[in-house]
Visitor: 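One structure follows; several queries about it will come next.
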Amino acid sequence: MNEYVIETRDLTKKYKNKIVVDRLNLHVQKGKIYALLGRNGAGKTTTMKMLLNLVKPTSGSIILFDGNGSDFSKENCHRIGSVIEAPAFYENLTAKENLGILARLRGKHRKDMVENALSIMNLDGENKKLFREYSLGMKQRLGLAAAIMHEPELLILDEPMNGLDPIGIHETRAYLLQLCRERGTTIFISSHALNEIEMLADVIGIIDQGKLLEETSLKELYRHNRRYAEFSVSDVNKAALVLESEFYISDYTIMDKHILRLYEKLDSRGRINSSFVKEGIVVDNVSIGAGKLEDYFSELVGGEGIG
Ligand code: ATP
């Protein structure tokens, strides 16, 4: 049986007359990394704020920890760590001082928890630097350190990679994977860019205009990537005729005046090439490729897609 750490039922938020989260049914399994992927304004932050009791839903319900601790009592808040929007810290204090204050405020203060969190986020070498001297990446990492300090079972992270350079993104991804694999932390993370969360998420929920369009494993999503052989030829119509009459191939697409993509019998591309040449068709190039997830997203959400 699936054990859900987050489950929502028809979760909805309306601001005045505008529905910004529309009957969302999320299923976040224990110990998994779930990424909520959507364009700016899709409703990701509002969803996360509702999960954290920072915004009241208009309708629908939220079940946390399989119903054990859905209330936001102090006890249950300890089970959740979050980074929502820019984390606020004292500018004129160091990371250690900032986390020390937070730890005391939260109660349950264990002596080594600040050091541990700083070490996991690779900030333990920065003990003299004040927060105002931190780079954006370091600030983001400190936000994450604050979120994981009390070893929560569930992490809710709103675009934690925003503003990070590719190395920062790579490192954050590695920390999150480590937390999930080693501590069994469930992670619910939002992003507007597929490349940030591929190789990280087990499950992806795609949200657009407040609606959950798809909730699927990353593996399943990649099935949309079909392999193809692409021929660059002088005459696509003539080439298509050869494919159909000589090779009985019907699964192909004419991309433009010179490009044709073939989705079946890819292993015959050498023989197809020879036949094209025999028929007087000039072949400039033959290559193997795969459909892009971005194209699939464009189909799904229309317009520019995601990523
Ligand atoms: P981004 O990646 O830009 O943060 P998002 O997917 O997190 O986008 P939200 O911040 O949840 O999206 O916003 C969803 C919609 O709700 C937007 O149209 C936004 O303008 C609107 N919205 C958010 N908060 C409020 C509010 N307090 N009052 C009115 N409208 C709001």
Side-chain angles (χ1 to χ4, degrees), residues 5-28 33-64 72 80-89 136-137 139-144 146-147 154-166 168-169 172-173 176 186-198 200-201 203-216 218 221 293-294 296-307:
V5 172
I6 302 173
E7 193 182 352
T8 66
R9 296 192 185 147
D10 289 332
L11 186 64
T12 300
K13 181 69 192 175
K14 249 189 199 175
Y15 283 114
K16 296 202 176 130
N17 283 329
K18 193 178 174 216
I19 299 177
V20 299
V21 173
D22 195 358
R23 287 165 294 156
L24 225 57
N25 291 306
L26 296 171
H27 304 87
V28 181
I33 302 181
Y34 185 118
L36 191 61
L37 185 68
R39 291 186 276 202
N40 289 338
K44 305 179 296 292
T45 305
T46 308
T47 301
M48 291 189 152
K49 283 185 174 169
M50 287 194 281
L51 295 177
L52 289 163
N53 204 27
L54 300 171
V55 159
K56 202 171 155 8
T58 306
S59 58
S61 57
I62 297 170
I63 303 153
L64 297 179
F72 286 89
I80 306 173
S82 65
V83 177
I84 296 275
E85 290 167 346
F89 291 105
L136 179 62
K139 286 179 178 172
Q140 299 275 57
R141 276 191 279 153
L142 186 59
L144 276 172
L154 168 64
L155 264 181
I156 297 183
L157 307 173
D158 191 17
E159 307 238 10
M161 323 263 196
N162 250 1
L164 296 183
D165 58 22
I169 292 176
T172 308
R173 211 187 277 136
L176 296 179
T186 306
I187 301 177
F188 185 64
I189 181 173
S190 73
S191 176
H192 62 272
L194 174 70
N195 61 355
E196 282 179 1
I197 45 118
E198 56 183 347
L200 173 71
V203 177
I204 294 195
I206 299 168
I207 185 172
D208 194 53
Q209 296 181 28
K211 286 195 173 71
L212 194 68
L213 301 181
E214 188 147 328
E215 190 178 63
T216 182
L218 197 60
L221 211 55
L293 266 184
E294 284 80 358
Y296 173 65
F297 286 135
S298 300
E299 267 171 46
L300 214 55
V301 304
E304 312 144 50
I306 305 168

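Note that ligands are numbered from 1 as they come in the structure, with each ligand's atoms numbered from 1 the same way.
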Visitor: When only distance counts, is T45 in polar contact with ligand 1, meaning an N/O pair under 3.5 Å?
Guide: yes
Visitor: Quick check for you: to the nearest 0.5 Å, what is the distance between L36 atom CG and S191 atom OG?
Guide: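 Here the interatomic distance stands at 9.5 Å.
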Visitor: For A42, take its heavy atoms, then give the atoms of ligand 1 lying under 4.0 Å from any of them.
Guide: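 Taking each heavy atom of A42 in turn, ligand 1 has 5 (P), 6 (O), 12 (O) under 4.0 Å.
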Visitor: Can you find an N/O atom of V20 closer than 3.5 Å to an N/O atom of ligand 1?
Guide: no
Visitor: Could you tell me whether R39 and D208 make a salt bridge, using a distance below 4.0 angstrom between a side-chain N and a carboxylate O?
Guide: yes
Visitor: Identify the two heavy atoms, one from S82 and one from L52, that lie closest to each other, and give their separation to 0.1 Å.
Guide: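 The answer is CB-CD1, 3.6 Å.
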Visitor: Pick one of side chain, backbone, both or neither for how E159 approaches ligand 1, counting any non-hydrogen atom pair under 4.0 Å.
Guide: side chain
Visitor: Should we count CD of E215 as having more than 12 external heavy atoms under 6.0 Å?
Guide: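 Yes, because the 6.0 Å sphere around CD of E215 holds more than 12 heavy atoms from other groups.
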Visitor: Can you tell me how far CZ of R23 sits from OG1 of T8, rounded to the nearest 0.5 angstrom?
Guide: 12.5 Å
Visitor: Would you mind checking which non-hydrogen protein atom is closest to atom 17 (C) of ligand 1, with the distance to 0.1 Å?
Guide: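 Atom 17 (C) of ligand 1 sits closest to the protein heavy atom G41 O, 4.0 Å.
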Visitor: Could a heavy atom of M48 be found less than 4.0 Å from some atom of ligand 1?
Guide: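 It does not; every heavy atom stays at 4.0 Å or beyond.
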Visitor: Report the distance from atom CZ of F188 to atom CD1 of I33, rounding to the nearest 0.5 Å.
Guide: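 Going from the CZ atom of F188 to the CD1 atom of I33 covers 13.0 Å.
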Visitor: Establish whether atom 20 (O) of ligand 1 and some protein heavy atom are separated by less than 4.0 angstrom.
Guide: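 No, there is none.
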Visitor: Without hydrogens or angle criteria, can the side chains of E159 and S190 be said to hold a donor-acceptor pair below 3.5 Å?
Guide: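 Note: E159 and S190 side chains miss the donor-acceptor criterion.
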Visitor: Roughly how far apart are I207 CD1 and L37 CG, rounded to 0.5 Å?
Guide: 10.0 Å
Visitor: Out of G43, G38, S191, G210, indicate the one that has the non-hydrogen atom closest to atom 12 (O) of ligand 1.
Guide: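 That would be G43.
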Visitor: Which distance, rounded to the nearest 0.5 Å, do you find between the CG of L194 and the CG of L218?
Guide: 7.5 Å
Visitor: Could you find the nearest protein heavy atom to atom 25 (C) of ligand 1 and give me its residue, atom name and distance?
Guide: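 Going atom by atom, the protein heavy atom closest to atom 25 (C) of ligand 1 ends up being Y15 CE1, 3.3 Å.
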Visitor: Would D158 count as being in polar contact with ligand 1, using the rule that some N or O on each side must be under 3.5 angstrom apart?
Guide: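 So ligand 1 has no N or O lying under 3.5 Å from an N or O of D158.
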Visitor: Give the single entry among I19, L37, T46 that approaches atom 9 (P) of ligand 1 most closely by any heavy atom.
Guide: T46
Visitor: One residue to check: R39. Relative to ligand 1, which of side chain, backbone, both or neither has a non-hydrogen atom less than 4.0 Å away?
Guide: backbone
Visitor: Can you name the atoms of ligand 1, numbered from 1 with element, that are less than 4.0 Å from a heavy atom of K18?
Guide: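 Taking each heavy atom of K18 in turn, ligand 1 has 18 (O) under 4.0 Å.
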